[in-house]
Amino acid sequence: MVNHQLVGDRPTHLTPEELAALREDLVEQRLFRREQLRQLAAAAPSRTNRPRHGDAASQVEVSVKLAACARMVLADVEAALRRMDEGRYGVCEQCRGPVAAERLTIVPQARYCGRCRQVRETVR
């Protein structure tokens with residue numbers, strides 16, 4: 001039997017056990033991204049010491065892009081944890097419908113249901 005929590009005026013479709021497992025996944029992702037950013041910052045040359053030619057410059061560019069992606073994912077993960085704390089987790093931010101449990105299992109920081117995500121990506 002599924003116990004439903006109230007999110008705003010809508011019940012979620014996630015059991016307390018599923019929410020706990022998703023929170024654990026998000027906390028692990030947050031730790032991983034923070035460590036990734038720490039390692040990237042430690043390996044990054046200073047602005048005055050940054051190589052300007054060839055492979056070294058390409059490596060710097062890749063590191064900068066990796067750090068930007070890690071910061072973006074970290075922000076999404078932290079936002080998902082806030083939504084959990086506020087009781088809004090698992091509700092699409094666009095249509096306010098439920099985000100499928102299967103989608104949340106794959107992408108626990110998902111903000112949109114599959115339909116709204118597709119619409120948003122089509123518009124881009």
Report task. Please step through salt bridge (Lys or Arg N to Asp or Glu O under 4.0 Å) for the pair Glu35 and Arg38, ending with a clear verdict. Result -> CA-CA 5 Å; Glu35 178 61 18; Arg38 188 195 64 73; 2.5 Å; yes
Tell me, do [X] and [Y] make a side-chain contact under 4.5 Å, heavy atoms counted?
{"X": "Arg111", "Y": "Arg83", "answer": "yes"}
{"X": "Gln29", "Y": "Pro108", "answer": "yes"}
{"X": "Gln109", "Y": "Glu78", "answer": "no"}
{"X": "Arg82", "Y": "Val77", "answer": "no"}
{"X": "Val91", "Y": "Val99", "answer": "no"}
{"X": "Lys65", "Y": "Val62", "answer": "no"}

Considering non-hydrogen atoms only, spot the tightest contact between [X] and [Y] and give its length.
{"X": "Leu104", "Y": "Gly90", "answer": "CD1-CA, 3.9 Å"}
{"X": "Ala67", "Y": "Leu37", "answer": "O-CD2, 3.5 Å"}
{"X": "Tyr112", "Y": "Cys92", "answer": "CA-SG, 3.7 Å"}

If you round to the nearest 0.5 Å, how far is [atom2] of [Y] from [atom1] of [X]?
{"X": "Met84", "Y": "Leu22", "atom1": "CE", "atom2": "CG", "answer": "5.0 Å"}
{"X": "Gln118", "Y": "Cys113", "atom1": "CD", "atom2": "SG", "answer": "9.0 Å"}
{"X": "Arg23", "Y": "Leu81", "atom1": "CZ", "atom2": "CG", "answer": "6.0 Å"}
{"X": "Cys116", "Y": "Arg96", "atom1": "SG", "atom2": "CZ", "answer": "10.0 Å"}
{"X": "Leu26", "Y": "Leu19", "atom1": "CG", "atom2": "CG", "answer": "10.5 Å"}
{"X": "Glu61", "Y": "Leu66", "atom1": "CD", "atom2": "CG", "answer": "11.0 Å"}

Query raised in the report: Will you find, in the side chains of Arg33 and Gln36, an N or O donor that is under 3.5 Å from an N or O acceptor?
Result: yes
Query raised in the report: Does the pair Glu93 and Arg120 meet the rule for a salt bridge (Lys or Arg N to Asp or Glu O under 4.0 Å), with working shown?
Result: CA-CA 12 Å; Glu93 290 187 3; Arg120 291 179 65 83; over 6 Å; no
Query raised in the report: Among all residues two or more places apart in sequence or in another chain, which pass the side chain to side chain contact (heavy atoms under 4.5 Å, CB included) test with Ala101?
Result: His13, Leu14
Query - Path from Phe32 to Leu40 over hydrophobic side-chain contacts below 4.5 Å - result: no
**Report entry** CZ/Arg115: more than 12 non-hydrogen atoms of other groups inside 6.0 Å
**Finding:** no
